[in-house]
Amino acid sequence: MNSIKNRFLDLYKLLRYHDYLYHVLNIPIISDSEYDFLFKKFYSLKKKYVYLENIVKNYDSKFPKVNYCKFNNHFTPMLSLENTFDINGYIKFHNNIENNFNHGNIKFFCELKFDGVALSLLYRKGILIRALTRGDGYSGEDVTKNAYVINNIPINLIGDKIPELMEVRGEVCMLKKDFQNLNTLSKRNSQKIFLNTRNAAAGSLRQKNILITKKRNLFFYCYGCNIISNIKIYSTHSDQLNMLRNFGFSISQYILLTSNINKILNFYYLIQKVRNFLSLHIDGIVVKVDSLAVQNKIGYTNKFPKWAIAIKFVSHSAKTKLLSVDFQIGRTGIITPVANLTPILLSGAIIQKASLYNKNTIEKLNLCINDTVVVHRIGDVIPKIKSIVIYDRLHNAKNINFPKYCPSCRSLLYNNENNTIIQCLAGVNCIDQRKKQIEHFFSKHGLYAKGFSIGIITHLMFHRYIRTPLDCLKLQFEELLKLKYFGKKSAYNVIDTLKQCKKTTLSRFIYALGISEIGVENANLISKYFGSLDKVINCTLHELQQIKNIGNICSNNFFNFMRDKNNIKYIMQLIKQGRIIFINKNKVFIPHQETIFLDKTIVLTGKFTICSRKSIINIILNLGGNIINHITKKTSILIVGNNPGNKVVYASTLNIRMILEDELINIFSRYNIKIK
Ligand code: IVH
C-alpha cells in the first residue's frame, strides 16, 4: 500500500514541478507526450485507488498560496476546467447534472478546447483598457500593449447594447502554419525553437517588444465573458457567444447545442477524428451547461465550475523501442526503410511498424537501432516516429546501415544526390518489384480483383505460375487445382474474381498500369480527356499539358510510358489475351453545356436517399465533373448525404462548397435530369 502511495505522491510532485516550469516560467523541459505519459500514469492510479485523492489534498495544504503577480487582479477569478480523459468520465458528469438539476430538458453547449494561453480582456464603454494573462487565476500579468497588436482582438467594440464594464475571456493561439513558419525562421537564424503552438503563443504574447508579438500573427478565440456592470442581456452561454460575435470577437465555428448525450459523444468523436486537419491545435472539447440560471444552481468548487467539463484527447504518442529496420521495395523499385518496433497500443491499434520514408528522415531523427522512440499516428491512422529519447540511449545502440544492393534481386542500388531516393533499377527483373506491380494492378483502385491478396500472389509467383498481371488474367481453374493449398472452392474464387475484374473502366486500367505519379485522380482526368484507349496510347505531350490539374511531371511520365513500344505491346496483350473489356469505353460523355460540375473535382460523403451513390456519380460524370475519394485542396464541391463522415468538417476548414441532397435534385433538374 505504502509503495503505491509513495509512487502516487512522487508522480504528483513531478507533475507539479513540470506544471510550474511550463505555466509559470514558460521553460518546459519535457515534451507534451512525455507529460501526457506521466499524467496518464498518475490518472490511472487515481482512478484505481480513490483514497489517494486525499494524499494530494494534504500535500497541497502544506504550501502557502503563491501569488505570482500581485497587483493586476481579475474582477472575476479565472477558473480552471474539470478534466476527463475518457467518455465514462463525461457520462458520469452528464448524468449527475441530469439527475440533480433536471428541470425539463437541460441543454449542453459543446465547443473546442483551444490549446493556447488564457487571456482576460477588460472593456470599459466598449474600449479595450487592459489585458491580463491568467496568472494564478486571481491576478495575472499585464499584456495590454501586446493585446493591442493581435489582429482579431477588437480595440473598439461594434454594435449596440455595449456594457459599461466587461471582462472577455478567451485563448490566444498560434495557427499551425504560423508556428511552422516561425520555427523554420528561428532555425535558420539559430534562434529558440518552440516545442508546440501553445508555447509559441505564450512566448509571443509576453514579448517586451510588441512588434515581435505583432509579427507572430496570434489569434484570439473568445469563449465567454463576465459583465461587471449589471445589465443582463443574455440568459444562455450560446446567446452570450452570439453577443460577443456581434461585438466583433472571433468565435469558433465548431460548436453544438444539444440536450442529447449521443450527439455530444458524436461531436467528441468527430472532432477527435478531424483535429489534425484543423488550422489550430486543440486538446479536447469543452461541454458547458447552456442556461446561466442552471449554471448558477449547479455552482462552483474553488478551482472550477461544476457545470462544465473538458473531455481531453489522450495523446496519440507513446514510447517504444526500435528493434530493427527492414528495407522494402516498392513497385517502382524505390527502397523504403521500415522500422520494426516493440508492439505498443496506440489509439486502439497495436503498432509494430512505421515507415521511415528515406535516409534523410533517419539522419534528421538521429535514429539508431535499440533507441527508445516516441511514436504517434498521423491523422490518428498512420504510425510515425516523432522523435527519439536521446537520454535513454544505451551502449547497444547501433547505426542503421543502408543496403548497397537490392535485398530482392541483388542489383546495385541507385542513390540520388540528396539521399531522398534509393532505387532498384532492375524493373521486371526484380521479383519483389513485380510482386508489387501485380498487387497494384489488381488493387482497389485498379482492376480490383477482390480477395486476390499479396499472399496468393506470392504463392503463385513462388511456384512460377505468374510473372506479370497478364499471367494472372490467363490463369485456369484446372491449373490452380494442381497447386498446393488450393481446393476447388479457393481455386474457383480466384478464377472468378480475376474474371469479374476484366470488365473495367478506362481510368481504372490507366491507374493499374502503375505509371509513376499517375494515381486515381490523374488516371480519371486522363481517361476523361481522351475517352478511348486508342487516343490514350497515341497521346501527345501537348495534349497532356492541356489537361487541367495535371502537372508537368505527371504528363512527362505518362507521355514517356506511352512512347515505349514495349509498354504499348504489353497494353495490347493485356486487352487481347487478358480479355479486358471497358464497360463505358465509347460512352465517355463530353458535356455540351456549361454545368456547375464541369471540370470540378467532386467528393461524396454519407448515404443517399434520392438514388444510389453510383447513379449520382454517373450523373455528375456526365455533367462533366471529376469524382475523387478524398478531400484535397483541389476539391471544389462536397456532395453531402445522410450521416456524413468527417469529410464535412475537413471541407468546411477548406471552405469547400457543400451541396445537400435537396439542392442536388434541383441542380439535376436544371439539366433536365429526373431522379426516379
Ligand atoms: S471555459 C469557467 N472554454 O482551458 C470556465 N476554457 O483547462 C473556464 N480553454 O484556463 C474556461 N478552451 O484557458 C473554456 N472553450 C473553452 C476553452 C477553455 C480552452 C482553457 C482556458 C482555461 C483552461 C482550463
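- Panel note: side chain Lys528, backbone Gly625; a donor-acceptor pair is recorded below 3.5 Å.
- The shortest distance between side-chain heavy atoms of Thr505 and Phe582 does not fall below 4.5 Å.
- Among residues two or more places apart in sequence or in another chain, the ring pair (Phe, Tyr, Trp, His ring centres under 6.0 Å) test is passed with Phe402 by Phe327.
- Checked against Phe313 for a side chain to side chain contact (heavy atoms under 4.5 Å, CB included), the options Ile282, Asp283, Asp115 give a single hit: Ile282.
- Between the side chain of Lys647 and the main chain of Leu604, a donor-acceptor pair closer than 3.5 Å is present.
- When side chains are defined from C-beta on, Asn552 counts as touching Gln545, because their heavy atoms get closer than 4.5 Å.
- Between the SG atom of Cys539 and the CD atom of Gln546 there is a distance of 12.5 Å, given to the nearest 0.5 Å.
- Residues Ile385 and Leu356 meet the side-chain proximity criterion, which asks for heavy atoms closer than 4.5 Å.
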>> Run the side chain to side chain contact (heavy atoms under 4.5 Å, CB included) test on Leu544 and Tyr529 for me, step by step, so that the C-alpha distance in whole Å, both residues' side-chain angles and the decisive distance to 0.1 Å come before the verdict.
In response: CA-CA 9 Å; Leu544 287 162; Tyr529 183 87; over 6 Å; no

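- Remark: Ile466 CD1 to Ile438 CD1 distance equals 4.0 Å, nearest 0.5 Å.
- The only option from Ile351, Leu341, Ile344 that meets the side chain to side chain contact (heavy atoms under 4.5 Å, CB included) definition with Pro383 turns out to be Ile351.
- In terms of modelled atom types and a separation under 3.5 Å, the side chain of Asn524 and the main chain of Glu521 share no donor-acceptor contact.
- Within 6.0 Å of NZ in Lys353 there are more than 12 heavy atoms belonging to other residues, nucleotides or ligands.
- A 4.5 Å side-chain heavy-atom check between Ser408 and Cys424 finds every atom pair outside the cut-off.
- Residues Tyr465 and Leu483 form a side-chain contact, since some pair of their non-hydrogen atoms from C-beta on lies under 4.5 Å apart.
- Taken from OG in Ser555 to CD in Glu517, the straight-line distance is 11.0 Å, to the nearest 0.5 Å.
- For the residue pair Ala523 and Ile518, the shortest heavy atom distance occurs at N-CG2, 4.0 Å.
- Residue Tyr405 qualifies as open at atom OH: its count of foreign heavy atoms under 6.0 Å is 12 or below.
- Smallest separation of non-hydrogen atoms from Lys502 and Arg579: CB-O, 3.5 Å.
- In this structure the side chain of Ile422 never reaches within 4.5 angstrom of the side chain of Asn358, judged on heavy atoms.
- With values rounded to the nearest 0.5 angstrom, Ser411 atom OG is found 8.0 Å from Gln433 atom CD.
- Arg613 meets the salt bridge (charged side-chain N to carboxylate O under 4.0 Å, His left out) test with no other residue; sequence neighbours excluded.
- Taken from CD1 in Ile495 to CD in Glu478, the straight-line distance is 8.5 Å, to the nearest 0.5 Å.
- Minimum heavy-atom separation, Val603 to His630: CG2-O, 3.7 Å.
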>> Working note: Asn370 + Leu394, criterion side chain to side chain contact (heavy atoms under 4.5 Å, CB included); need CA distance, chi angles, decisive distance, verdict.
In response: CA-CA 8 Å; Asn370 289 326; Leu394 301 171; 6.0 Å; no

>> Please determine whether side chain to side chain donor-acceptor pair (under 3.5 Å) holds for the pair Asn340 and Ser324, giving the CA-CA distance in whole Å, both sets of side-chain angles, and the decisive distance to 0.1 Å.
In response: CA-CA 5 Å; Asn340 293 313; Ser324 60; 2.9 Å; yes

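- Taking the salt bridge (charged side-chain N to carboxylate O under 4.0 Å, His left out) definition, one finds that Asp496 meets it with nothing, sequence neighbours left out.
- Note on ring orientation: taking the six-membered ring where Trp is involved, the planes of Phe452 and Phe442 are perpendicular (angle over 60°, cut-offs 30° and 60°).
- Taking Phe194 as the reference, nothing meets the ring pair (Phe, Tyr, Trp, His ring centres under 6.0 Å) condition, with sequence neighbours excluded.
- The minimum heavy-atom distance between Ile400 and Leu367, with the atom names listed, is CD1-O, 3.6 Å.
- Counting non-hydrogen atoms of neighbouring residues, nucleotides and ligands closer than 6.0 angstrom, the NZ atom of Lys535 reaches no more than 12 such neighbours.
- For residues 557-574, there are no salt bridge (charged side-chain N to carboxylate O under 4.0 Å, His left out) pairs, not counting sequence neighbours.
- Taking 4.5 Å as the limit, every side-chain heavy atom of Ile553 sits out of range of all side-chain heavy atoms of Asn556.
- Proximity of a side-chain donor or acceptor of Asn416 to a complementary backbone N or O of Ile421 within less than 3.5 Å is detected.
- Nearest heavy atoms, Ile335 versus Ile329: CD1-CG1, 3.7 Å.
- Relative orientation of the His459 and His463 rings is perpendicular, given thresholds of 30° and 60° on the angle between their planes.
- Relative ring orientation between Phe441 and Phe509 is described as perpendicular, the plane-to-plane angle rising above 60° on a 0-90° scale split at 30° and 60°.
- What you find for Leu365 and Ser387 is that their closest heavy atoms are CD2-CA, 3.9 Å.
- Contact annotation: the side chain of Phe530 never approaches that of Ile537 to less than 4.5 Å [non-hydrogen atoms, C-beta and beyond].
- Summarising the geometry, atom CD1 belonging to Ile431 is positioned 11.0 Å from atom SG belonging to Cys406; distances are rounded to the nearest 0.5 Å.
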> Are Ile510 and Phe561 close enough, and set up right, to give a side chain to side chain contact (heavy atoms under 4.5 Å, CB included), and what steps lead you there?
Replying inline: CA-CA 11 Å; Ile510 293 174; Phe561 185 91; over 6 Å; no

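- Annotation: salt bridge (charged side-chain N to carboxylate O under 4.0 Å, His left out) contacts involving residues 391-405, sequence neighbours excluded, comprise Asp371-Arg393.
- Ser490 places no side-chain N or O within 3.5 Å of a backbone atom of Phe486 that could act as its donor or acceptor partner.
- Side-chain atoms of Thr497 never come within 3.5 Å of backbone atoms of Asn493 as a donor-acceptor pair (strictly under, hydrogens ignored).
- No side-chain donor-acceptor contact under 3.5 Å links Arg508 to the backbone of Leu447.
- In this structure, Gln437 contributes its side chain and Thr468 its backbone to no donor-acceptor pair below 3.5 Å.
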